[in-house]
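Working notes, beginning with the structure itself.
Below, all heavy atoms of this structure are taken into account, side chains as well, without hydrogens, waters or symmetry copies. Whatever order the structure lists ligands and atoms in, that order sets their numbers, starting from 1.
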Amino acid sequence: MFDHRKYSAFKPVPLTDRTWPDKTITQAPDWCSVDLRDGNQALVNPMSVEQKTRLFDLLVKLGFKEIEVGFPSASKPDFDFVRKLVDEKRIPDDVTIQVLTQAREELIKRTYEAMAGVKKAVIHVYNSTSTVQREQVFGQSCDGIKEIAVQGAKWVQQYAQQHPDTEWSFQYSPESFSGTEMDYAIEVCDAVIEQWQPESGRDIIINLPATVEMSTPNLFADQVEYFCRHLVNRKYVRVSLHTHNDRGCAVAAAELAVMAGADRVEGTLMGNGERTGNMDVITMGMNLYSQGVDPKLDFSNVMEIIEVVESCTEIPVSVRHPWAGELVYTAFSGSHQDAIRKSVNYHAEHKIEHWDVAYLPIDPRDIGREYEAVVRINSQSGKGGVALVLERDYDIELPKWMHFPLSRVVQGAAESSGLEVSPTNIERLYQENFVDVAEQWTLQDYDLHTEAHQVSAQFLVGGSNLAGEGAGALEALCDGLNSRYNCEMEVIQFDQRAICGGTDAKARACIALQINGTEYCAVAVAEDTTAATLQAMLTAFSRSGADSAKAA
Ligand code: KIV
Ligand code: ZN
């Protein structure tokens, strides 16, 4: 059954002097949300009037100026919803609602009933023009299909005249445009535009749907450029796009087609819509944003968008959703975490104005994401990431040589659970493995006598006394432990730093000891750096088990 020979390649429009590949998008197109119509039509449970109202309010808040709110002649909830918007005066003055209708008189009439009293609106009429639909679905000739479109346009115009107080825009979609012969699509659209008297100054929109995505995005862009070049009344109309995502390229197709001359783009939040969905406005808008182009939509609170969309559509947003997903700014991989940390620090140090951070295409905070989520720890994470979490969430800054021992412990935990390790657990592992110390190894007091650069020291540790000598306090403790427990211990690394803020402890010391050939690390906090360093040595020593060897 799995046999590619069943399918044939898309036939491109003959365009050899295309200009769109040299264009860039320097401003946002006019956006039209079709969440409440196309998006809604694709839901297992279509939205209630309450859900539609909530989503409508969000779309307004995000800055949409054109919103297709339903198909009122086809569904009672859509009809009721449109009436609610109009009757309760919920449509801001700078927002135009749009409704869809087939090119049938009774449906157009009912559509105008739904809209009666609205200040301004778009009546969107469509019929299918593609070869397949003409031949196989409607059994109609080219002329027959064109006649349906023109007749629909006439009714749209006639019924509009019965509501002269409303500012009406007209929109026509040759459904399945991308599967239609281009010259024929142009012929139909020219005829519809002609019917609507283009010179009258009325806003006319010709919307070009890739009802089913059939080709690579460049071929769709060729179709749109060809269409724009050959449409007789191009200058009087706004050319709009309505791409679907069957091949996963709805956004790319819309982007290239904007380069090819389109003025307006229809789509939905998170790409909800029939089958694989509509063009995702968040993705296309954020693509523009990340290139320094104002998307003219406000995506600064993406968590709110996700919450409303999920509760209205009952479809969860993928954690990998471009720009918006929960994990799209998160690095689990150690090398990525390290690069992000260095790159962010580099930005801060060099006061770099334009964002250019490794692995982060935008600053996650722009859309309301926390920096905390950027570094998360699992078995793939490296030492830098673990240290970063302690520093970021607990203000515990460890010297670089401590990063590896710490991450080895955390990675062990991640590997044995197979799960992510939360910041709380990282801190717990840090405490358990490097800080916690038994009562008997707690430094209670110490006394130092210095004579001719030589220190003689007395330590009270867990209730018992210990004496030692050396060039400093640490060396003296080392001497005391080595003599009592007959071991060979030396200090490989140590680091002490002041702790600012709230607690009594004023210093943190980290130490790495080599005891009988093995390395042990520990951390201690105390009121002063000497006490912290001595305690760190005792803690590390206690972990070595060297005390259980015979005392000298
Ligand atoms: O996908 C499509 O063709 C449509 C039209 C009705 C515009 O949704
Ligand atoms: Zn559609």
**Prompt:** Any donor and acceptor pair, going by atom type alone, linking the side chain of N278 with main-chain N or O of G39 inside 3.5 Å?
**Reply:** no
**Message:** Can you name the atoms of ligand 1, numbered from 1 with element, that are less than 4.0 Å from a heavy atom of H244?
**Reply:** 1 (O)
**Asked** Between E106 and K109, does at least one N-O distance fall below 4.0 Å, as a salt bridge requires?
**Response** no
**Prompt:** Any N or O of H242 that comes nearer than 3.5 Å to an N or O of ligand 1?
**Reply:** yes
**Geometry at the Zn ion (ligand 2) - H242 NE2 versus H244 NE2 angle, rounded to 10 degrees** = 100°
**Asked** Counting heavy atoms not belonging to K119, are there more than 12 under 6.0 Å from its NZ?
**Response** no
**Prompt:** What atom name does the N, O or S atom of D38 nearest to the Zn ion (ligand 2) carry?
**Reply:** OD2
**Message:** Regarding atom 3 (O) of ligand 1: of the candidates V34, T211, N207, L100, which has the closest heavy atom?
**Reply:** T211
**Prompt:** If you measure every N/O of Y126 against every N/O of ligand 1, is any gap under 3.5 Å?
**Reply:** no
**Asked** Out of Q102, R37, E68, E266, whose heavy atom is nearest to atom 6 (C) of ligand 1?
**Response** R37
**Item:** F220 ring center near W20 ring center (under 6.0 Å)
**Value:** no
**Item:** Point-to-point distance, once rounded to the nearest 0.5 Å, from CG of L55 to CZ of F81
**Value:** 8.0 Å
**Request:** Under 4.0 Å from a heavy atom of E175: give me the atoms of ligand 1 that qualify, with their elements.
**Result:** 3 (O)
**Request:** Go through ligand 1 atom by atom and flag the ones less than 4.0 Å from a non-hydrogen atom of D38.
**Result:** 8 (O)
**Message:** If we only consider heavy atoms of E274, is any one of them less than 4.0 Å away from an atom in ligand 1?
**Reply:** no
**Message:** Taking the basic N atoms (NZ, or NE/NH1/NH2) and the acidic carboxylate oxygens, is any pair closer than 4.0 Å for K120 and D203?
**Reply:** no
**Item:** Side-chain ion pair, E66 and R238, N-O less than 4.0 Å
**Value:** yes
